[in-house]
Amino acid sequence: MNVKRGDQKMEKEKKLVQEITSMEEDFAQWYTDIVKKAELVDYSSVRGCMIIRPYGYAIWELIQKQLDQRFKETGHENVYMPMFIPESLLQKEKDHVEGFAPEVAWVTHGGDEELTERLCVRPTSETLFCDHYSKVIQSYRDLPKLYNQWCSVVRWEKTTRPFLRTLEFLWQEGHTAHATAEEAEEETLRMLNVYAEFCENVLAIPVIKGKKTEKEKFAGAVATYTIESLMHDGKALQTGTSHNFGDRFAKAFGIQYTDKNNQLQYVHQTSWGMTTRLIGAIIMVHGDDNGLVLPPAVAPIQLIIIPIAQHKEGVLEKANELKERLSKIARVKLDDSDKMPGWKFSEYEMKGVPLRLEVGPKDIEKNQVVLVRRDNREKVFVSIDELEEKVSEILKQIQKDLLEKARQHRDAHTYVAKNMEEFEKIINETPGFIKAMWCGDEACETLIKEKTGATARCIPFEQEQLSKHCVCCGKEAKHMVYWGKAY
RNA sequence: CGGGGUGUAGCUCAGUUGGCUAGAGCACUAGUUUUGGGAACUAGAUGCCGGAGGUUCGAGUCCUCUCACUCCGACCA
């Protein structure tokens, strides 16, 4: 943290934000400051792992709850698979193993005894689901199988950052089996849409829906679809993915069923996942120099009540009464610790609490309270009689405004490049999404990455004809692609 | 895995050419007064100087190794 030396007054005024490095100065440091100061995580004794603290975990629980509800609504059931995968099982699908081999952790001993076959700590559970499906699917009447699991997975990454990349992370992985290729494709897209809707309405993060290029797709998939979002620093983040496996895994694992005509057929599968990385996205999309900013839908505390002059008669009683009332419509906390009010203001701003309620002797006299929004610091005096109404109205408005603000930021940082000079200039001077035409040749994709560090984020469903020529080689263009540097 | 930075109290750091019992501010605990943007005073508690080895009469300080965190690249959610 940089403490700027100045006269005493300046220092005092600056004190409020001193705990957090400004975004502009150092975005990466800003991110780490927030994660620690907002008490989302702590580092653990194992390199690259994190302890998710109560406040951070509460955000995850809200994400889980709202995602899970959507999975249930679309007919999915939760299951739990073991965390260990025998080596032989992992190796059944060639592309899949090759994709994950460099980052799996192995268990070689049980107690003192060496295992006859070493076990991999799941980096993802495709092989386990496939093995299981091969046993429980016999007839077309057994299909579709719509399973999901909530668990943690382990990937031995080289560099790590809280939420964005850790050795172990929490996620959900949906795994489904269908009778036909059409049904599998339909499911893949259905879940991508669920993700997109969730991101926009719950996380207030706008996303671009599209397809991954061959180079970027999941190990073993026929097609990978993705939702991509743009962080405040202009870098892209893959927010969720949905894969269509076709019958590749079915063939490798022998998952067959008998159809209506008594013919043996292979199933068609999908998988889709979202992770605790979403919390990183929330931080980097909505946060500001005063700390975290949480969309109300995932805020563990939606409203913080701060009593002013709480030692005076009637103040705490009133604050408690308001807490009781408002708890019926929102997640409310009353901070009656003996910290100074100003300290509390900063504390809950740092933690991203969407709405603050101040109540003091003067308010009680006038039968009013003060409401202050976290996102824009807007302050309103509200009559206690219409409090419930106002609070829910403002929370709704914040949720909406955050999405709109994020959308504007993304749109303002989405550029068009017609040639490589433009491309490189944008990447170096104004980071963000770059829309550019592509011939479909992997060589161009690789060259762009080498020259600029940007990767193909996705081939968006909503295509535009920006030009007839590939941004890289100038040959005939096949797709418009979103490019960007990514986390 | 390559390059840079940092490890001393819970946090931010000071610690002289190697020298006695290792320091400050904040935070913490108790009490009193305070309370509309990080309060004041009094009293108190707090250390495997990241770890291991070495040099030395003597190491927080010098040397070697190692571990962790962090940033920037290559790989991935």
Side-chain angles (χ1 to χ4, degrees), chain A residues 1-3 11-19 21 26-33 35-37 42-50 99-104 123-124 152-173 195 212 216 218-219 224 226-228 236-243 271-281 290 306-312 315-316 335-350 356-364 368-370 372 377 379 381 449-450 453 455 485-487:
Chain A
M1 258 156 286
N2 274 330
V3 178
E11 264 193 48
K12 198 161 189 187
E13 279 164 28
K14 287 226 159 191
K15 203 173 174 186
L16 203 142
V17 286
Q18 263 177 29
E19 297 205 20
T21 307
D26 184 346
F27 192 81
Q29 189 59 48
W30 168 86
Y31 179 84
T32 351
D33 282 352
V35 148
K36 289 223 66 176
K37 296 282 159 51
D42 197 8
Y43 291 103
S44 78
S45 48
V46 182
R47 176 194 76 85
C49 293
M50 64 176 169
F100 283 102
E103 52 190 36
V104 293
T124 177
S152 76
V153 289
V154 168
R155 298 183 188 175
W156 217 259
E157 299 288 348
K158 285 159 189 165
T159 52
T160 57
R161 299 186 68 191
F163 293 120
L164 299 175
R165 174 150 299 110
T166 46
L167 294 199
E168 181 188 11
F169 57 92
L170 301 178
W171 79 344
Q172 101 356 258
E173 46 180 327
Y195 284 165
K212 284 286 186 191
E216 298 286 331
F218 181 79
T224 291
T226 177
I227 48 175
E228 298 284 327
L237 187 79
Q238 177 176 306
T239 316
T241 48
S242 186
H243 316 287
S271 90
W272 24 275
M274 270 191 161
T275 77
T276 34
R277 177 182 255 194
L278 290 175
I279 298 174
N290 292 317
I306 298 177
I308 308 295
Q310 62 186 37
H311 62 292
K312 295 208 174 142
V315 174
L316 271 180
D335 187 342
D336 57 1
S337 69
D338 55 10
K339 293 265 200 291
M340 301 298 285
W343 189 93
K344 294 178 188 174
F345 295 169
S346 307
E347 180 68 10
Y348 293 99
E349 276 175 20
M350 198 147 69
R356 173 173 88 228
L357 186 155
E358 300 172 24
V359 58
K362 288 182 214 160
D363 301 307
I364 295 169
Q368 66 172 29
V369 295
V370 181
V372 184
R377 287 242 171 112
K379 188 183 228 179
F381 294 86
K449 189 175 182 187
E450 275 170 17
T455 49
K485 288 194 179 174
Y487 274 99

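Below, chains carry the letters A, B, ... as their sequence lines are ordered, and counting in each starts from 1.
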Write down the distance separating the [atom1] atoms in [N] and [M], rounded off to the nearest Å.
{"N": "B:C11", "M": "B:A74", "atom1": "C1'", "value": "35 Å"}
{"N": "B:U21", "M": "B:U42", "atom1": "P", "value": "30 Å"}
{"N": "B:C75", "M": "B:C13", "atom1": "C1'", "value": "37 Å"}
{"N": "B:A22", "M": "B:A14", "atom1": "C1'", "value": "11 Å"}
{"N": "B:A39", "M": "B:U35", "atom1": "C1'", "value": "8 Å"}
{"N": "B:A43", "M": "B:C49", "atom1": "P", "value": "30 Å"}
{"N": "B:U46", "M": "B:G5", "atom1": "C1'", "value": "29 Å"}
{"N": "B:G19", "M": "B:U56", "atom1": "C1'", "value": "12 Å"}

By the 4.0 Å heavy-atom rule, please label [X] as base, sugar-phosphate, or nothing.
{"X": "A:L237", "result": "nothing"}
{"X": "A:D363", "result": "base"}
{"X": "A:T224", "result": "nothing"}
{"X": "A:R47", "result": "sugar-phosphate"}
{"X": "A:G280", "result": "nothing"}
{"X": "A:V370", "result": "base"}
{"X": "A:K449", "result": "sugar-phosphate"}
{"X": "A:E103", "result": "sugar-phosphate"}
{"X": "A:F163", "result": "base"}
{"X": "A:T159", "result": "base"}

Report the distance from atom [atom1] of [X] to atom [atom2] of [N], rounded to the nearest whole Å.
{"X": "A:K379", "N": "B:G37", "atom1": "NZ", "atom2": "P", "value": "7 Å"}
{"X": "A:I306", "N": "B:G36", "atom1": "CD1", "atom2": "P", "value": "12 Å"}
{"X": "A:E450", "N": "B:C75", "atom1": "CD", "atom2": "P", "value": "10 Å"}
{"X": "A:Q29", "N": "B:G5", "atom1": "CD", "atom2": "P", "value": "16 Å"}
{"X": "A:K312", "N": "B:G36", "atom1": "NZ", "atom2": "C1'", "value": "11 Å"}
{"X": "A:M340", "N": "B:A27", "atom1": "CE", "atom2": "P", "value": "12 Å"}

Inset, instruction - Please identify each residue that fulfils ring-ring contact (aromatic ring centres under 6.0 Å, His included) with A:F169, with sequence neighbours left out. - result: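 Scan of A:F169 (ring-ring contact (aromatic ring centres under 6.0 Å, His included), adjacent residues dropped) gives A:W171.
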Short N/O separations, protein against nucleotides 29-33 of chain B, under 3.5 angstrom:
none

Inset, instruction - Determine, stepwise, if the pair A:T166 / A:E157 fulfils side-chain contact (heavy atoms from CB on, under 4.5 Å). - result: CA-CA 7 Å; A:T166 46; A:E157 299 288 348; over 6 Å; no
Check: [X] side chain, [Y] main-chain N or O, donor-acceptor pair, under 3.5 Å:
{"X": "A:Q310", "Y": "A:D336", "result": "yes"}
{"X": "A:Y31", "Y": "A:P162", "result": "yes"}
{"X": "A:R155", "Y": "A:P123", "result": "yes"}
{"X": "A:K344", "Y": "A:D335", "result": "yes"}

Inset, instruction - For A:V46 and for A:W343, locate the closest nucleotide of RNA chain B by heavy-atom distance; then report the residue assigned to the nucleotide nearer the 5' terminus. - result: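 In this pair, the answer is A:W343.
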Legend entry - Residue mapping more 5' on RNA chain B - nearest nucleotide basis, A:Y43 or A:F169: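 The answer here is A:Y43.
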Inset, instruction - Check the pair A:L167, A:R47 against side-chain contact (heavy atoms from CB on, under 4.5 Å), reporting the backbone distance first and the verdict last. - result: CA-CA 8 Å; A:L167 294 199; A:R47 176 194 76 85; 4.1 Å; yes
Inset, instruction - Check each of A:D363, A:I364, A:I308 against A:V315 using the side chain to side chain contact (heavy atoms under 4.5 Å, CB included) test, and report the only one that passes. - result: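 Passing option: A:I364.
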Inset, instruction - Determine the sole option in A:E216, A:K212, A:Q238 for which the side chain to side chain contact (heavy atoms under 4.5 Å, CB included) test with A:T224 is passed. - result: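 The residue from A:E216, A:K212, A:Q238 that satisfies side chain to side chain contact (heavy atoms under 4.5 Å, CB included) with A:T224 turns out to be A:K212.
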Inset, instruction - Please step through side-chain contact (heavy atoms from CB on, under 4.5 Å) for the pair A:W272 and A:Q172, ending with a clear verdict. - result: CA-CA 8 Å; A:W272 24 275; A:Q172 101 356 258; 3.5 Å; yes
Legend entry - Closest nucleotide among B:C72, B:G36, B:G38 to the A:I308 side chain: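 Between B:C72, B:G36, B:G38, the one nearest the side chain of A:I308 would be B:G36.
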Legend entry - Stems involving RNA chain B, each a run of at least 3 consecutive Watson-Crick or G-U pairs under 3.5 Å: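 Ordered by first number, the stems with RNA chain B (at least 3 consecutive pairs each) read B:1-7 with B:67-73, B:10-13 with B:23-26, B:28-33 with B:39-44, B:50-54 with B:62-66.
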Legend entry - A:E358 (side chain) and B:G37 (base): donor-acceptor pair under 3.5 Å: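 Not at all, since no donor on one side and acceptor on the other fall under 3.5 Å apart.
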